[in-house]
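Predicted, not measured: the structure shown is a model, and the values here were computed from it.
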Amino acid sequence: MTNTTFGGVLLPNASKIDATPSILMNESTLLSGKRFIQTNTNLGFSSKFRCFGTYAQYQAIRALIGISGSLVTNQETFTKCYISGLSVQESDNPSWFHFSVEFKQDTT
């Protein structure tokens with residue numbers, strides 16, 4: 001488990017389940033049948049965490065949808081991040097919930 005925060009809010013009992021750099025590219029097929037590709041050396045950052053916490057902790061994270069924030073995990077900071085996915089499931093204990101949070105970074 002990692003000590004992870006987003007926008008200053010703790011992701012409770014967070015485990016990173018995916019961290020995939022994405023190669024940013026635009027591809028077009030020209031009328032001639034040739035392929036035109038635009039790309040650069042910047043990588044897109046995305047990451048997904050599995051969390052286990054209370055419904056209040058889930059709501060605190062949900063309240064950050066649409067807000068740019070810093071994702072801090074294992075003393076590494078990624079600025080200008082946004083929540084790009086959020087799902088929740090009840091656990092065997094009705095006071096606790098499993099939820100997954102996905103992030104993407106604005107690299108402009």
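- Taking CG from Leu31 and OG from Ser28, the interatomic distance works out to 11.0 Å, rounded to the nearest 0.5 Å.
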query: Are Phe49 and Ile17 close enough, and set up right, to give a side-chain contact (heavy atoms from CB on, under 4.5 Å), and what steps lead you there?
result: CA-CA 5 Å; Phe49 294 86; Ile17 55 176; 5.9 Å; no

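- Proximity of Thr77 to Ser70: side-chain heavy atoms (C-beta onward) are separated by under 4.5 Å at one or more points.
- Scanning for side chain to side chain contact (heavy atoms under 4.5 Å, CB included) contacts around Ile23 gives Thr39, Leu43, with sequence neighbours left out.
- The CD atom of Glu90 sits 5.0 Å away from the CZ atom of Phe97 when rounded to the nearest 0.5 Å.
- Judged by distance alone, with hydrogens and angles left aside, the side-chain atoms of Asn13 form a donor-acceptor pair with the main-chain N or O of Phe52 at under 3.5 Å.
- Between Val101 and Ile83 there is a side-chain heavy-atom pair separated by less than 4.5 Å.
- Taking OG of Ser15 as the reference point, atom NZ of Lys48 lies at 13.0 Å (rounded to 0.5 Å).
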message: If you apply the rule side-chain contact (heavy atoms from CB on, under 4.5 Å), what do you find for Thr107 with Leu24, and how did you get there?
response: CA-CA 10 Å; Thr107 57; Leu24 306 173; 4.0 Å; yes

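- With rounding to the nearest 0.5 Å, the separation of SG in Cys51 from CD1 in Ile61 is 5.0 Å.
- A donor-acceptor pair under 3.5 Å is absent between the side-chain atoms of Ser100 and the main chain of Arg50, judged by distance alone.
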- prompt: Given the rule in the side-chain contact (heavy atoms from CB on, under 4.5 Å) test, do Gln105 and Thr79 qualify, once you have shown the distances and angles that lead to the verdict?
  reply: CA-CA 7 Å; Gln105 185 180 37; Thr79 59; 4.2 Å; yes

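- Taking Glu27 as the reference, Arg35 meet the side chain to side chain donor-acceptor pair (under 3.5 Å) condition, with sequence neighbours excluded.
- Thr4 places none of its side-chain heavy atoms less than 4.5 Å from the side chain of Val72.
- Side chain of Asn93 to backbone of Ser95: a donor-acceptor contact under 3.5 angstrom is found.
- Listed for the Gln57 side chain is no donor-acceptor partner under 3.5 Å among the backbone atoms of Pro12.
- Leu11 is not listed as a side-chain neighbour of Thr5, based on a closest heavy-atom distance of 4.5 Å or more.
- Side-chain contact between Phe103 and Ser46 is absent, with no heavy-atom pair separated by less than 4.5 Å.
- Remark: Gln75 CD is loosely packed, at most 12 non-hydrogen atoms of other residues, nucleotides or ligands lying under 6.0 Å away.
- Here Tyr58 pairs with Tyr55, Arg62, Leu86, Val88, Phe99 under the side chain to side chain contact (heavy atoms under 4.5 Å, CB included) rule; sequence neighbours left out.
- With sequence neighbours left out, the side chain to side chain contact (heavy atoms under 4.5 Å, CB included) criterion links Thr108 to Lys80, Asp106.
- Pairs engaging residues 62-82 under the ring pair (Phe, Tyr, Trp, His ring centres under 6.0 Å) rule: Phe45-Phe78 [sequence neighbours left out].
- Every pair tested for ring pair (Phe, Tyr, Trp, His ring centres under 6.0 Å) that includes a residue from residues 11-39 fails, sequence neighbours excluded, so the list is empty.
- Rounded to the nearest 0.5 Å, atoms CG (Asn3) and OG1 (Thr73) are 8.0 Å apart.
- How far SG of Cys81 is from CD1 of Ile67: 14.0 Å, rounded to the nearest 0.5 Å.
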